[in-house]
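It should be emphasised that the depicted structure is a prediction, and the values quoted were computed from it without experimental measurement. Note on naming: letters A, B, ... go to the chains in the order of the sequence lines (proteins, then strands), and numbering restarts at 1 for each one.
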Amino acid sequence: MAGITSAEVSAQARVAAHMADVGVAVELETPEMTLNIGPQHPSTHGVFRLVARVEGEKIEDVEPVIGYMHRGYEKLCEVRTYPQITTLVNRIDWLSGYANEIPFILAAERLMGIEAPPRVQYIRTILTEMARIATFLAFLGVYGIEIGAITPIFHAFRDRERVLDLIESVTGGRFHPNFNRVGGLLDDLPAGFLAETAVAMDAVKRVCDDLEDLILGNDIFRERTVGVGVIPLERGLACGVSGANIRASGCTVDIRRDEPYLAYPELDFDVVTDTRGDCFARAWCRLQETREAVRIIEGACKALPAGPFMAKVPKVIQVPPGEVYQRAEGPLGEMGFYLVSRGGRIPYRVKIRTPSFSNVSILPWLLEGTYMADLIAIVGSLYFILGDVDR
Amino acid sequence: MAAKSGKKTLRRGSPEQPKPAVGLVRGLWRTLYTLFQKTQVVQYPHVKEEPHPRARGVIGLQAENCTVCMLCARECPDWCIYIEGHKEKRPPRREGGKPRSVNMLDRFDIDYALCMYCGICVEVCPFDALHWSPEYEYSELRITDLLHNMERLGYWDDHRHTPPPLEAGAETKGKK
């Protein structure tokens with residue numbers, strides 16, 4: 001230590017202590033760093049935060065932080081009457097408001113022992129599938145943006161607008177229809193709806209071909225998605241992944257076919273599956289399911305029976321005591337309501353099983369060991385809505 | 001491979017791979033084709049789209065029908081309707097009878113900053129005092145201005161649309 005004065009030593013010690021305090025030197029020197037993606041990030045479909053520990057480009061560990069959009073719907077349902085709750089459940093998954101109403105209304109109807117007339121079942125089926133088309137077209141457009149393709153979103157949203165327009169012409173609301181009532185619907189279809197549906201469905205079929213050209217056939221898109229973010233079937237089932245995400249991994253589960261509700265048993269459609277389980281397969285499954293939804297709508301429009309739009313129900317909706325779990329195949333996966341009633345106008349407890357919450361739970365496992373560049377591709381391909389995660 | 005003719009039998013994008021660069025060319029061709037199509041955008045402030053007659057734009061109040069029963073205010077999920085009223089004595093209907101008491105509406109406000117546009121109030125109204133109107137142009141610079149009073153709600157009620165006819169096969173009875 002010859003040549004270094006004690007003053008210099010103490011100065012060095014001061015600097016070292018300062019750096020340890022600030023932590024600058026420590027973080028710059030180690031290759032590991034913590035990266036916050038979100039909560040305000042355009043590719044997270046809401047306020048969703050991913051805390052990623054990265055080493056260079058490689059992701060070591062990811063922790064999804066959820067709850068920023070928690071609105072307390074389960075608790076709120078305990079102090080609202082049944083007709084009021086349908087307007088709340090619209091807002092759980094805001095891209096497919098109509099599809100959210102179905103499991104809740106079916107649960108209430110099952111507890112009350114009411115069966116809606118056949119015409120109601122068909123109209124509900126048509127509108128649910130329209131919500132599905134709107135959601136999947138939004139996915140196919142937005143996923144393109146996340147991968148780096150700007151064009152598809154304009155094609156997808158142009159024809160998504162047609163579908164939303166049809167939903168509005170029937171229900172009065174584009175996103176929050178609040179059209180279902182216990183035992184039926186608010187009103188019947190307006191005149192000209194079936195003719196306009198036929199036109200819009202042709203447009204949707206065309207835009208599916210366009211999107212196939214623009215995204216799924218695109219070499220760059222394939223490079224970025226094929227073989228990326230593979231969900232093995234066992235892992236997906238263990239995490240409770242549902243919907244197109246698990247069908248892309250080779251599981252032929254579809255509640256519309258397995259546990260028929262509404263008019264699905266009378267309609268002709270295929271369950272789209274893939275065995276690859278990667279991001280591309282998930283996008284591909286959603287595109288094909290859009291086509292299947294068009295098939296369902298066209299079949300339902302042809303077979304639409306005449307009849308009343310409301311069953312005989314008491315003026316004040318009072319549900320007898322009991323418990324029921326009703327699930328339905330929402331656009332994002334299995335959506336279920338566990339409804340506990342102790343009689344009266346208000347449910348005692350409502351547990352909402354939302355698909356996005358389970359789909360997000362596979363992210364830490366899925367993202368471990370992948371590269372930063374693939375993160376957005378994987379997160380986008382799971383397609384969760386933050387309102388649906390946090391509810 | 002069957003990229004062109006396979007449209008009917010083979011789904012493109014399926015596990016069978018297209019040839020390299022074919023996808024790029026197809027996508028670029030699609031973009032070029034769309035460039036010469038009719039534009040879909042409606043230039044909003046200059047051109048306006050006609051809203052659907054059922055569109056839930058704004059709620060109008062027909063004040064003379066209101067009996068201050070408070071059903072709408074009670075059923076509203078977020079309690080955005082404010083109603084005040086008082087009772088007035090009216091001469092009896094028959095000679096020598098008791099004087100009638102009538103509810104008079106003093107205040108009927110809807111706070112559109114809170115409203116969820118669910119339509120429950122319109123549905124529960126037993127005297128058809130509330131109606132939907134598809135009007136939508138009432139944005140304000142201050143949130144307090146979204147509290148619409150009786151006069152404004154009456155204006156909306158004058159601009160309501162007649163309900164559309166129903167699709168074939170619909171039973172019309174039972175609709176109020």
Side-chain angles (χ1 to χ4, degrees), chain A residues 76 80-81 83-88 90-91 119 149 151-152 154-155 158 161 165 168-174 176 178 181 186-194 209-210 212-222 226 274-276 280-281 283-284 287-288 291 304-310, chain B residues 3 7 11-15 17-35 37 39-42 49 51-57 74-78 115-120 122-124 126 132 134 163-176:
Chain A
L76 208 52
R80 293 286 185 275
T81 61
Q84 288 175 341
I85 291 172
T86 51
T87 181
L88 289 178
N90 272 168
R91 284 151 174 86
R119 187 175 172 89
T151 316
F154 299 113
H155 290 260
R158 177 192 63 203
E161 195 57 42
D165 218 37
E168 189 188 9
S169 74
V170 179
T171 65
R174 289 166 78 242
H176 304 311
N178 192 23
R181 299 292 177 269
L186 174 63
D187 206 344
D188 211 299
L189 297 173
F193 173 80
L194 296 180
D209 291 345
D210 288 359
E212 206 160 328
D213 284 344
L214 283 168
I215 328 177
L216 298 187
N218 188 300
D219 294 16
I220 303 166
F221 182 85
R222 297 185 83 100
V226 172
D274 201 314
T275 48
R276 291 167 292 174
F280 184 84
W284 184 79
L287 182 80
Q288 302 301 346
R291 290 179 165 147
L304 183 68
F309 61 83
M310 195 76 188
Chain B
K7 207 164 179 176
R11 283 164 164 168
R12 281 175 290 132
S14 60
Q17 296 272 335
K19 281 193 190 117
V22 169
L24 275 180
V25 174
R26 291 190 76 96
L28 286 173
W29 163 246
R30 180 52 53 194
T31 309
L32 190 71
Y33 175 79
T34 314
L35 196 63
Q37 297 298 301
T39 175
Q40 303 277 332
V41 179
V42 178
E49 271 187 324
H52 292 285
R54 274 190 194 174
R56 298 202 300 258
R74 268 193 301 170
E75 290 295 322
C76 177
D78 44 9
C115 179
M116 296 208 297
Y117 298 87
C118 60
I120 288 175
V122 179
E123 223 178 313
V124 298
W132 277 111
L166 297 180
E167 189 65 87
E171 279 180 21
T172 44
K173 69 169 176 65
K175 180 71 189 158
K176 67 175 181 185

Checklist entry - Atom CZ of A:Phe193 and atom CG of B:Leu166: how far apart are they, to the nearest 0.5 Å? => result 13.0 Å
Item to check | Closest heavy-atom pair and its distance - A:Asn178, B:Cys118 | outcome: ND2-O, 2.8 Å
Checklist entry - In Å and rounded to the nearest 0.5 Å, what is the OH to CG distance from B:Tyr117 to A:Asn90? => result 15.0 Å
Checklist entry - How many angstroms lie between atom CD of B:Glu123 and atom CG of A:Asp187, to the nearest 0.5 angstrom? => result 10.0 Å
Checklist entry - Between atom NE2 of A:His176 and atom CZ of B:Arg56, what is the distance when rounded to the nearest 0.5 Å? => result 9.5 Å
Checklist entry - By a 4.5 Å heavy-atom criterion (distance strictly below it), what part of A:Arg174 contacts chain B: side chain, backbone, both, or neither? => result neither
Item to check | B:Ile120 CD1 to A:Thr86 OG1 distance, which is reported to the nearest 0.5 Å | outcome: 6.0 Å
Checklist outcome for this item: Among A:Asp210, A:Leu194, A:Thr81, the residue with the most heavy-atom pairs under 4.5 Å to chain B is A:Asp210
Checklist entry - Minimum heavy-atom separation for B:Ala55 to A:Glu168, with atom names? => result CB-OE2, 3.4 Å
Next on the checklist: Using a 6.0 Å cut-off, check whether atom CD of B:Glu49 has over 12 heavy atoms from anything other than its own residue.
Outcome noted: no
Checklist entry - Do B:Val41 and A:Arg158 touch side chain to side chain, with heavy atoms closer than 4.5 Å? => result no
Item to check | Distance (rounded to the nearest 0.5 Å) between A:Leu214 CG and B:Arg30 CZ | outcome: 7.5 Å
Checklist outcome for this item: The side chain to side chain contact (heavy atoms under 4.5 Å, CB included) partner of B:His52 among A:Val170, A:Thr171, A:Asp165 is A:Asp165
Checklist entry - Do A:Thr151 and B:Thr34 come close enough that some side-chain heavy atom pair is under 4.5 Å? => result no
Checklist entry - If you count heavy-atom pairs under 4.5 Å between each of A:Thr87, A:Asp188, A:Ile85, A:Ile215 and chain B, which one has the most? => result A:Asp188
Item to check | Residue among A:Ala149, A:Pro190, A:Ala306 with most heavy-atom pairs under 4.5 Å to chain B | outcome: A:Pro190
Checklist entry - Can you tell if the side chain of A:Ser169 reaches within under 4.5 Å of the side chain of B:Arg54, non-hydrogen atoms only? => result no
Next on the checklist: For A:Ile220, I'd like to know if atom CD1 has over 12 heavy atoms of other residues, nucleotides or ligands within 6.0 Å.
Outcome noted: no
Next on the checklist: For B:Arg26, is there an ion pair with A:Glu212 - N to carboxylate O distance below 4.0 angstrom?
Outcome noted: no
